[in-house]
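The structure displayed is predicted, hence computed values, not measured ones. Letters A, B, ... mirror the listed sequences (proteins, then strands); counts begin at 1.
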There are 2 protein chains.
Amino acid sequence: MTHAIEAVTTDRAPAGGTTSCHHCPLRAMPVFKHRCDEEIDFIQRFKAGERKAGAGVRILEENQRDTHLFTVLTGWVFRYRTLEGDRRQIINFGLPGDFLGLQATLDDTMSHGIETLTDVTLCQFERDQLWQLYGEHPRLAYDVTWLAAQEERTFEEQLLTLGQRSAFERIAYLLWHLYDRGRHVGLVHDNAIELPIRQQHIADTLGLSLVHTNKTLQKIREDGAIEIRERCLHVIDEERLIRHGRVERALWQRRPLL
Amino acid sequence: MTHAIEAVTTDRAPAGGTTSCHHCPLRAMPVFKHRCDEEIDFIQRFKAGERKAGAGVRILEENQRDTHLFTVLTGWVFRYRTLEGDRRQIINFGLPGDFLGLQATLDDTMSHGIETLTDVTLCQFERDQLWQLYGEHPRLAYDVTWLAAQEERTFEEQLLTLGQRSAFERIAYLLWHLYDRGRHVGLVHDNAIELPIRQQHIADTLGLSLVHTNKTLQKIREDGAIEIRERCLHVIDEERLIRHGRVERALWQRRPLL
DNA sequence: CGTTCCCTTGAGACCGCTCAAAGACCGTGG
DNA sequence: CCACGGTCTTTGAGCGGTCTCAAGGGAACG
């Protein structure tokens with residue numbers, strides 16, 4: 001296990017000159033729930049600014065206090081926890097539209113770290129204003145809970161993966177999962193998606209060794225359901241990939257965006 | 001993998017003659033957050049009744065629609081998901097004070113099944129009244145989210161377990177985890193807790209085979225940190241158990257009870 | 001006193017791990 | 001333009017943790 005990229009100082013963009021929530025490119029996408037102007041106004045005020053960071057940057061440390069919540073505007077991040085310093089478990093990946101930081105609600109202490117995979121732009125919110133949101137906008141409050149519940153489902157699925165799927169199934173499942181998520185936020189073109197991850201990330205997500213991940217990945221490729229060229233995952237035969245990954249459920253509804 | 005116990009018809013207790021929220025024995029415990037009378041009044045009205053069931057009963061089926069939320073009043077339950085009908089992954093256990101059913105918020109379809117381990121009493125709530133809760137009691141709404149976030153933390157820890165811990169570490173971790181949770185709700189006496197689970201449950205929780213679970217469990221027992229007699233887990237040397245399980249965090253705060 | 005469930009034990013196979021090293025790719029500096 | 005170092009991917013070899021199959025023993029229960 002290597003954490004190849006060392007933490008780098010992060011840059012903070014000034015609050016001004018940021019994307020307007022009313023003109024948020026994500027909000028226009030069909031995956032996201034429609035919001036009335038008043039709600040968007042509130043979100044706009046709730047938004048404390050934007051934060052940009054380069055690829056391979058640790059934007060939140062484990063066990064560190066942080067009072068922010070984030071929505072990924074552009075780019076990829078991942079959340080992870082480590083055991084004894086050298087065993088890293090990737091909890092999940094954050095793509096555009098994903099909401100991060102709720103887990104720290106307890107006491108502002110992050111139970112996990114967050115690191116960027118690409119250059120990213122994050123919408124930043126102040127956690128203590130969440131109170132205000134609960135008081136004034138029950139509908140938004142409900143959405144926050146909805147998002148947390150949705151995340152729980154994803155975790156249940158991931159527990160099922162780690163507990164019951166073989167290495168081959170795990171990798172097939174993960175690739176399809178990322179492909180499917182990417183598809184919903186417009187990252188898929190011609191059945192292909194750019195995956196800004198290394199094999200080590202796959203290994204750390206699935207509880208496998210790097211070597212075994214590599215060998216198993218090759219088997220999936222040989223099988224012909226997918227191709228990987230130049231950082232891009234091409235899904236040649238989605239049905240077959242779904243079967244390999246023992247994918248069972250693909251329930252998608254419009255989801256809220258904050 | 002065997003689902004030894006077949007589903008049995010569940011009994012529904014009439015809504016009347018149930019435990020009053022004001023005199024709820026759980027609420028008096030120091031783990032649970034204090035609530036003002038008005039909030040308890042609301043919870044009392046929110047409560048649609050109690051439901052009792054015997055041990056080994058499936059109270060919710062996977063992929064079944066159900067419009068209820070539950071708080072475990074007495075007894076143990078567990079949540080699980082299955083893959084291809086015969087690979088069962090136990091997601092987590094529900095002890096007194098635990099709140100269940102939020103995950104179905106999406107569309108009322110349960111992503112998992114729930115089965116009892118002992119005789120249980122559940123406080124039952126109607127999901128559609130959750131809306132009312134969000135509108136009238138932002139503080140309770142916040143608590144619901146808090147609980148969801150807390151559950152997420154538990155899942156993160158479990159992902160770490162399945163992905164990074166060895167069989168020996170997993171079992172030690174799980175035993176300590178259950179012991180610690182039980183301790184907070186008064187189930188531990190003389191450093192011992194009654195564990196109403198079979199080795200098969202441990203195996204299905206940790207992604208191990210029954211045989212290997214048995215052999216590994218014996219190693220932990222031989223080591224002397226714990227003893228298991230008559231369904232009871234006796235923790236002889238907690239520090240050692242914690243070390244074996246690579247337990248890192250034991251952050252506990254008062255938590256809300258619904 | 002048989003049945004059933006659960007725990008235990010043994011033997012052998014295999015999946016996934018570790019160690020080790022070579023090849024591929026890429027940005028950098030000479 | 002090439003040499004170089006760093007990161008990532010690929011390969012091979014061998015070990016061992018965990019699995020499967022199979023069977024026996026014990027406790028609870030009708």
Starting from [atom2] on [N], measure out to [atom1] on [X] and report it in whole angstrom.
X: B:I228; N: D:dG26; atom1: CD1; atom2: C1'; result: 17 Å
X: B:Q200; N: D:dC19; atom1: CD; atom2: P; result: 11 Å
X: B:R229; N: C:dC7; atom1: CZ; atom2: P; result: 17 Å
X: A:L162; N: C:dC15; atom1: CG; atom2: P; result: 19 Å
X: A:L195; N: D:dC8; atom1: CG; atom2: P; result: 15 Å
X: B:Q164; N: D:dG17; atom1: CD; atom2: P; result: 17 Å
X: B:H201; N: C:dC5; atom1: NE2; atom2: P; result: 13 Å
X: A:D204; N: D:dC8; atom1: CG; atom2: C1'; result: 14 Å

B:A167 meets the side-chain contact (heavy atoms from CB on, under 4.5 Å) criterion, sequence neighbours left out, with B:L208, B:H212, B:T216
* What does B:R170 touch in the nucleic acid at a heavy-atom separation under 4.0 angstrom: a base, only the sugar-phosphate, or nothing? -> nothing
Q) Would the number of heavy atoms belonging to other residues, nucleotides or ligands and lying under 6.0 Å from CD of A:E230 be above 12? A) no
State whether B:R198 places a side-chain N or O below 4.0 Å from either non-bridging phosphate oxygen (OP1 or OP2) of C:dT8.
no
Can you tell me how the ring of B:H177 sits relative to the ring of B:Y173, calling it parallel under 30°, perpendicular over 60° and tilted otherwise?
parallel
Residues passing the ring-ring contact (aromatic ring centres under 6.0 Å, His included) test with B:F155, sequence neighbours excluded, are none
Of C:dG16, D:dT18, C:dT8, the nucleotide closest to the side chain of B:Q199 is C:dT8
Contacts of A:R231 meeting salt bridge (Lys or Arg N to Asp or Glu O under 4.0 Å) (sequence neighbours excluded), chain-then-number -> none
A:R198 meets the salt bridge (Lys or Arg N to Asp or Glu O under 4.0 Å) criterion, sequence neighbours left out, with none
- Task: Give a yes-or-no answer on whether the side chains of A:E62 and A:T82 include a donor-acceptor pair shorter than 3.5 Å.
- Result: yes
- Message: Side chains of B:H112 and B:R81: any donor to acceptor distance under 3.5 Å?
- Response: no
In numerical order, the residues of residues 206-222 of chain B whose heavy atoms come under 4.0 Å of DNA chain D are B:G207, B:L208, B:S209, B:V211, B:H212
One should read off an interatomic distance between A:F93 CZ and A:L195 CG, to the nearest 0.5 angstrom, of 9.0 Å
One should report the stems of DNA chain C, each a stretch of at least three consecutive Watson-Crick or G-U pairs at distances under 3.5 Å, as C:1-30 with D:1-30
